[in-house]
Amino acid sequence: MNAEVASDVRAELGEGPSWDEEKGILYWVDIKEGIVYAHDLGNSSDKIVGRGKNVSCVVPRSNGGLALTLEHGFYSLDPNSGMMDAISESIEANLPGSRFNDGKCDPAERFWAGTMDETESKPIGSLYVFAKGKGVKKALSGITVSNGLGWSPDNKTMYYIDSPTRKVAAFDYSLQTGEISNKRIAINFDETQQPGVPDGMTVDAEGMVWVAHWGGARLTRWNPSTGKLLDTLPIPADHTTSCCFAGRNLDQLYITSARVELDEKKLAAQPLAGRLFVADVGVRGLPTYKFGG
Ligand code: CA
């Protein structure tokens, strides 16, 4: 199990990948450069399809085009023209130091995305859910750095990462209403002495959870029912940020990484930091769900 470089792009802060199976394109963002990339799996080339300050995640929409988060709200993006339009009220626009961070759609096509404190120290952030016809609702508050999300194959559990906690939380999840309840700890980086903090994540078809380690140069695979570590995939970048299954058979795991917050010595030692990687990990993933709004 090895990760290979998938793209020539050297991102400052690669993040937020999602897979469009109809187009054969993996969308991802560079938050610091404010760029939305379309990575064509057919020829491994990247195209810039949108720009917006601190764009933090991007997802396909069921009615065509893309949806994404900028600092203080949800937006549509037409990847052909680059046009962006607000599709929600503004969120936390008057809260100093906050901005949107990671997000993902659930199997009922609701767009979940959370905010973070830019100093990564104060629990001023929240997790929001945006459902078609229902606007944006706050699902959780007291979050410091809102990050990875995922759902179990039976759609009964939602996983969620607030990075500084060094834990992956699990909630009972209602597919019908989108409500979450009964929070518990599924994966604990402290007890298992893992390097770095949990950042982005995905769930595979066997229900196992893949977590990107910011500051840990790896992805790890876990059984969320037992909290046991199953596998480690080394990535040649300390700041491994997120991951997403893609490809016709959903069997290629794409991984984003970052150059930010590496000193000169570390940057010299990690020439591949900031690149997009791909690995054949021997298991299929769950599909990327679209935004229905
Ligand atoms: Ca992240």
Side-chain angles (χ1 to χ4, degrees), residues 9 11-19 26-37 52-59 67-72 74 91-92 97-105 111-128 140 143-151 158-169 187 189 194-203 209-220 222 233 235 237-245 253-262 273-277 288:
V9 174
E12 283 299 311
L13 179 50
E15 273 283 3
S18 65
W19 166 237
L26 182 92
Y27 294 100
W28 60 292
V29 302
D30 183 337
I31 299 179
K32 290 295 170 214
E33 295 290 336
I35 294 173
V36 181
Y37 288 106
K53 193 180 175 199
N54 282 333
V55 57
S56 57
C57 66
V58 57
V59 298
L68 52 79
T69 46
L70 297 183
E71 286 180 303
H72 298 299
F74 294 86
I91 310 288
E92 299 181 11
S98 98
R99 69 159 170 84
F100 261 112
N101 197 35
D102 206 354
K104 194 177 282 179
C105 293
F111 194 165
W112 294 72
T115 56
M116 63 175 279
D117 169 27
E118 289 196 292
T119 69
E120 301 181 14
S121 58
K122 300 189 291 281
I124 60 169
S126 293
L127 176 67
Y128 297 90
L140 293 171
I143 305 299
T144 306
V145 181
S146 192
N147 253 316
L149 289 151
W151 290 267
M158 184 175 103
Y159 302 103
Y160 179 56
I161 293 169
D162 179 5
S163 291
T165 66
R166 304 191 82 239
K167 293 172 182 72
V168 180
I187 297 163
F189 271 32
Q194 291 299 301
V197 297
D199 193 338
M201 61 160 284
T202 194
V203 182
V209 169
W210 294 81
V211 182
H213 290 230
W214 175 270
R218 69 191 65 197
L219 287 189
T220 45
W222 301 78
L233 173 65
I235 305 293
D238 273 3
H239 294 162
T240 302
T241 55
S242 192
C243 55
C244 177
F245 282 96
L253 186 57
Y254 281 78
I255 302 125
T256 52
S257 71
R259 291 159 52 79
V260 291
E261 295 176 37
L262 290 177
R275 303 289 279 271
L276 182 69
F277 300 93
T288 290

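FYI, side chains are in, hydrogens and waters are out, and symmetry mates aren't considered; it's all heavy atoms of this structure. All ligand and atom numbering here is 1-based and tracks the order in the structure.
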Kindly write out the residues that satisfy salt bridge (charged side-chain N to carboxylate O under 4.0 Å, His left out) with [X], not counting sequence neighbours, or none if the list is empty.
{"X": "Lys32", "answer": "none"}
{"X": "Asp238", "answer": "Lys266"}
{"X": "Glu118", "answer": "Arg99"}

Under a 3.5 Å threshold, yes or no: a donor from one side chain and an acceptor from the other, between Tyr128 and Thr115? no

For the residue pair Phe74 and Phe111, does the interplanar ring angle fall in the parallel (under 30°), tilted (30 to 60°) or perpendicular (over 60°) class? perpendicular

Considering only heavy atoms from C-beta outward, does the side chain of Val9 approach that of Trp28 to under 4.5 Å? yes

What protein N/O/S atoms are found closer than 3.0 Å to the Ca ion (ligand 1)? Glu15 OE2, Asn147 OD1, Asp199 OD1

